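Taking it in order: structure first as structure tokens, then the write-up.
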Amino acid sequence: QVQLVESGGGLVQVGGSLRLSCTASGRTFSDSAMGWFRQSPGNEREFVAAISWNGRSTNYADSVKSRFSISRDNAQNTVYLQMKSLTPQDTAVYYCAASSVRGASWQRDSYDYWGQGTKVTVSS
């Protein structure tokens with residue numbers, strides 16, 4: 001079993017920045033790729049970013065590329081999502097996920113553990 005706890009969400013103005021954190025416990029964190037997904041009301045959960053088990057490979061949705069950055073600290077069992085230049089379209093609940101594979105997958109089916117989510121609201 002893996003437990004994932006996200007933090008760092010909140011209310012931010014357009015153009016602002018936030019850093020989300022996700023701390024894992026349970027299964028060996030350093031063996032797993034990690035991902036961030038988001039879901040806004042009425043929409044399906046969508047891929048945001050992923051990072052490989054060793055941090056050497058990352059993958060981003062086109063909508064966030066160049067604005068968001070994913071990183072991990074295996075010593076702290078934590079993955080981060082740095083978000084900048086936020087827009088109202090980034091408003092969503094953001095979920096951290098742990099994968100059963102080592103590569104930075106964008107596919108939801110690759111992830112078998114999910115956190116409870118942290119809400120990000122970007123106001124104009």
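For clarity, every value in this text was computed on a predicted model and none was experimentally measured. One is the number of the first residue; the rest follow in order along the sequence.
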Do other residues, nucleotides or ligands put more than 12 heavy atoms under 6.0 Å from the CD atom of Q3?
yes
Answer yes or no: is there a donor N or O on one side and an acceptor on the other, between the side chain of [X] and the main chain of [Y], under 3.5 Å?
{"X": "Y111", "Y": "W36", "value": "no"}
{"X": "N59", "Y": "A104", "value": "yes"}
{"X": "R102", "Y": "S32", "value": "no"}

Mind listing the closest non-hydrogen atom pair of [X] and [Y] along with its distance?
{"X": "I70", "Y": "Y60", "answer": "N-OH, 2.9 Å"}
{"X": "S17", "Y": "Q82", "answer": "CB-NE2, 4.1 Å"}
{"X": "A24", "Y": "V2", "answer": "CB-CG1, 4.5 Å"}

Using the rule given for side-chain contact (heavy atoms from CB on, under 4.5 Å), can you reason through V14 versus L86, listing the C-alpha separation, both sets of side-chain angles and the distance that settles it, and then say yes or no?
CA-CA 5 Å; V14 169; L86 287 162; over 6 Å; no
Between [X] and [Y], does any side-chain donor sit less than 3.5 Å from a side-chain acceptor?
{"X": "S123", "Y": "Q13", "result": "no"}
{"X": "Y80", "Y": "R19", "result": "no"}
{"X": "S105", "Y": "S110", "result": "yes"}

May I ask you to check if R72 and F29 form a cation-pi contact, with NZ or CZ under 6.0 angstrom from the six-membered ring centre and within 45° of the axis?
yes
Please determine if R38 forms a cation-pi arrangement with Y95, meaning its NZ or CZ atom is less than 6.0 Å from the six-membered ring centre and no more than 45° off the ring axis.
no
Is the closest side-chain heavy-atom distance between [X] and [Y] below 4.5 Å?
{"X": "D73", "Y": "V79", "value": "no"}
{"X": "L4", "Y": "Q116", "value": "no"}
{"X": "R45", "Y": "R108", "value": "yes"}
{"X": "K119", "Y": "T91", "value": "no"}

Is it the case that one hydrophobic cluster holds both [X] and [Y], taking links as side-chain heavy atoms less than 4.5 Å apart, direct or via other members?
{"X": "F68", "Y": "V12", "value": "yes"}
{"X": "F47", "Y": "M83", "value": "no"}
{"X": "Y94", "Y": "W106", "value": "no"}

Restricting to ring pair (Phe, Tyr, Trp, His ring centres under 6.0 Å), what partner residues turn up for W114, sequence neighbours left out?
F37
